[in-house]
Amino acid sequence: MLCVIKHCVILYFLKKIQRLYQTYNMAKELTPRSENYSQWYNDLVTKADLAENSAVRGSMVIKPYGYAIWEKMQQVLDGMFKETGHQNAYFPLFIPKSFFSKEASHVEGFAKECAVVTHYRLKADEKLGIIVDPDAKLEEELIVRPTSETIIWDTYRRWVQSYRDLPILINQWANVVRWEMRTRLFLRTAEFLWQEGHTAHATEREAIAEAEQMLRVYATFAREYMAMPVLTGVKSPNERFAGAVETYCIEALMQDGKALQAGTSHFLGQNFAKAFDVKFVNKENTQEYVWATSWGVSTRLIGALIMAHSDDNGLVLPPRLAPIQVVIVPIFKKEEEFAAITERVQEVMKELRKRGITVKYDDRDTHKPGFKFAEWEMKGVPVRLAIGPRDLEKGTVEVARRDTLEKETLQFIHIAEKIEHLLEKIQENIYQKAFDYREQNTFKADNWEDFKTKIEAGGFVLAHWDGTTETEIRIKEETKATIRVIADNIAPETGKCVYSGNESKRRVVFAKAY
RNA sequence: CGGGGUAUAGCGUAGUCCGGUUAUCGCGCCUGCUUUGGGAGCAGGAGGUCGGGUGUUCGAAUCACCCUACCCCGACCA
């Protein structure tokens with residue numbers, strides 16, 4: 001009897017918990033970061049309406065709001081590339097398989113994740129429906145580009161004869177495919193969007209200068225637009241791009257203490273020139289191989305942007321990359337009030353637009369203000385204005401900032417100017433917060449036990465390394481940490497390798513990475 | 001690609017172990033009224049090849065086999 005009552009009580013509470021859970025879900029809330037960081041990230045991407053998984057394994061649909069962020073990134077970066085003398089062009093999606101075998105380490109690096117086109121036709125089959133036509137086999141199979149070095153260098157061979165044809169400074173905006181085993185929205189997908197710069201130079205020095213210049217462009221973009229502090233430097237030989245002589249990178253620290261490579265720039269030496277026989281005649285009339293670079297950033301930057309700043313209420317976007325910088329929510333009961341508010345809003349919008357600020361008036365009458373507040377907060381709009389009858393009376397406006405969630409009521413007078421300043425302040429504050437976080441999560445480790453503890457806890461760990469790939473691999477096997485960057489802001493100092501105890505000339509940055 | 005898990009309406013789910021009337025609930029959606037300064041309330045309504053296929057059975061969301069997709073953990077990687 002007692003048992004039955006107990007059972008009923010338990011059932012009752014189970015139902016209650018389920019009800020609570022359902023309410024929680026409908027409220028569009030995020031899983032808190034502290035509870036499950038990965039889940040938080042996935043929730044955020046979905047609920048901020050940035051992207052979703054598609055019918056194709058590992059490939060995502062980038063939704064309009066997410067794509068708008070990418071467009072902003074593209075616009076800024078494209079301007080920076082043009083300023084540094086580059087031009088855009090477009091090379092094919094398909095690459096003949098034979099091209100790949102020409103640069104040995106390059107093939108090795110990418111062979112395992114290439115999609116291959118083998119046929120060019122389908123046909124109807126009575127039993128199986130549509131099938132690949134076995135009679136339509138390609139003479140030479142085509143690789144869907146995982147990166148374009150090979151096809152581009154095959155092309156450059158025909159473009160370069162004399163030193164007068166150099167340098168070639170080209171960028172392309174494109175999609176690439178890398179058949180990844182485990183994918184995550186934006187961070188790692190089978191197909192992704194990126195830009196890849198490919199340059200050809202007469203001298204080694206000039207090529208190195210180019211690779212370094214583009215790294216600085218990326219670092220500037222990350223810091224000034226994404227409000228994301230980055231370390232710059234070079235990769236260890238083990239982490240180098242397949243086919244590169246030197247790989248430069250920008251490396252950022254995410255809120256869960258894991259590192260994320262946000263952009264790379266490669267000095268390719270003469271590897272591709274030799275593989276594709278790209279020579280030029282110099283002023284002394286002798287044949288020389290061309291020197292090369294390549295550099296790229298991808299839609300992964302959106303993942304970095306999300307993880308760098310966002311909180312448990314949703315996305316936090318830096319004003320300089322926010323598709324909508326200011327959203328205005330009217331608060332009204334009667335039609336007349338709405339009309340009067342709208343009139344006032346038009347004035348504000350005009351002033352804001354004059355200053356180049358992107359503003360949206362959320363005049364939907366299908367949702368209540370509270371709903372709109374929550375929605376725009378989830379989408380990370382930096383500044384929200386609310387205007388209601390009380391504001392019209394007093395000549396005020398409520399200004400809420402997304403980064404701190406603070407609200408204040410300001411006078412209408414010079415409101416556009418105040419908001420312009422506020423946007424700048426938000427941009428700075430977001431950067432500062434991310435910077436402070438990184439500082440607080442950067443540690444030194446001088447012995448193996450300490451190293452393991454600190455790596456486990458997360459963050460950047462600065463430690464001495466003997467410079468051998470063998471040690472690097474051992475460390476990775478034992479701790480999952482890799483050398484993220486041999487950072488150029490860390491001064492050389494002698495010491496003992498944290499793993500082997502051998503001589504070391506400098507500390508390098510270790511972390512677990514995405 | 002290995003190991004584990006999941007798949008029921010747009011989303012989140014109950015039911016599956018132990019097969020049996022018309023498949024549960026919440027959110028969302030539609031209509032109406034009342035609401036609107038932080039995710040509105042009430043009333044009514046629509047919406048389902050139970051991931052796909054094959055089988056077992058009088059009868060399958062439920063059992064068996066196969067396939068597919070997604071999630072978590074490893075190996076690989078921007």
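Quick note: numbers below take in every heavy atom, side chains included, and nothing from hydrogens, waters or symmetry partners. Source: prediction; values computed, not measured. Each chain gets a letter, A, B and so on, in the order its sequence line appears, and its residues count up from 1.
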**Q** What orientation do Phe338(A) and Tyr361(A) show, parallel under 30°, tilted 30 to 60°, or perpendicular over 60°?
**A** parallel
**Q** Identify the pairs formed between an N or O of the protein and an N or O of nucleotides 70-73 of chain B at a distance under 3.5 Å, and give each distance.
**A**
| from | atom 1 | to | atom 2 | distance (Å) |
| --- | --- | --- | --- | --- |
| C70(B) | OP1 | Gly58(A) | N | 3.3 |
| C70(B) | OP2 | Arg57(A) | NH1 | 2.8 |
| C73(B) | OP2 | Arg182(A) | NH2 | 2.7 |

**Q** Considering heavy-atom distances to RNA chain B, does Phe241(A) or Ala374(A) have its closest nucleotide positioned more toward the 5' end?
**A**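 So the residue in question is Ala374(A).
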**Q** Show the distances under 3.5 angstrom between N or O atoms of the protein and N or O atoms of nucleotides 44-46 of chain B.
**A**
none

**Q** Which parts of residues 383-395 of chain A get close to RNA chain B, meaning a heavy atom less than 4.0 angstrom away?
**A** Arg384(A), Ala386(A), Gly388(A), Pro389(A), Arg390(A), Asp391(A)
**Q** Please list every donor-acceptor pair under 3.5 Å in which a side-chain atom of residues 260-267 of chain A meets a protein atom from a residue at least two apart or in another chain.
**A**
| from | atom 1 | to | atom 2 | distance (Å) |
| --- | --- | --- | --- | --- |
| Gln261(A) | OE1 | Lys235(A) | NZ | 3.0 |
| Thr264(A) | OG1 | His266(A) | NE2 | 3.4 |
| Ser265(A) | OG | Ala211(A) | O | 2.7 |
| His266(A) | ND1 | Thr247(A) | OG1 | 2.9 |

**Q** Would you mind writing out the side-chain donor-acceptor pairs for residues 379-386 of chain A within the sub-3.5 Å range, not counting sequence neighbours?
**A**
none

**Q** Considering only heavy atoms, which members of residues 329-345 of chain A lie under 4.0 Å from some atom of RNA chain B?
**A** Ile331(A), Phe332(A), Lys333(A)
**Q** Between the protein and nucleotides 5-8 of chain B, are there any N/O to N/O pairs under 3.5 Å, and if so, what are the atom names and distances?
**A**
none

**Q** Whether Glu375(A) and Lys372(A) form a salt bridge (side-chain N of Lys/Arg under 4.0 Å from carboxylate O of Asp/Glu) is what I want to check.
**A**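 Looking at Lys372(A) and Glu375(A), the cut-off is not met.
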**Q** Just grab all the salt bridge (Lys or Arg N to Asp or Glu O under 4.0 Å) pairs involving residues 476-485 of chain A, residues at least two apart or on different chains.
**A** Glu239(A)-Arg484(A), Glu251(A)-Arg484(A)
**Q** Using atom C1' of each nucleotide, how far apart are G51(B) and A46(B) to the nearest Å?
**A** 24 Å
**Q** Pick one: which of Asp363(A), Asp362(A), Ile387(A) meets side-chain contact (heavy atoms from CB on, under 4.5 Å) with Val345(A)?
**A** Ile387(A)
**Q** In dot-bracket, 5' to 3', how would RNA chain B read with Watson-Crick or G-U wobble pairs under 3.5 Å, [ ] for crossing ones and | for pairs to another strand?
**A** (((((((..(((.......[....))).((((((.....)))))).....(((((..]....))))))))))))....
**Q** So which of residues 258-265 of chain A are in contact with RNA chain B, with a heavy-atom cut-off of under 4.0 Å?
**A** Gln261(A)
**Q** When the C1' atoms of A7(B) and U13(B) are compared, how many Å lie between them, rounded to an integer?
**A** 12 Å
**Q** Please output the side-chain donor-acceptor pairs of residues 390-397 of chain A that fall under 3.5 Å, not counting sequence neighbours, one pair per line with the distance.
**A**
| from | atom 1 | to | atom 2 | distance (Å) |
| --- | --- | --- | --- | --- |
| Asp391(A) | OD1 | Thr396(A) | OG1 | 2.7 |
| Asp391(A) | OD2 | Gly388(A) | N | 2.9 |

**Q** Not counting sequence neighbours, which residues clear side chain to side chain contact (heavy atoms under 4.5 Å, CB included) with Pro229(A)? List them please.
**A**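 Tyr431(A), Ala434(A), Phe435(A), Arg438(A).
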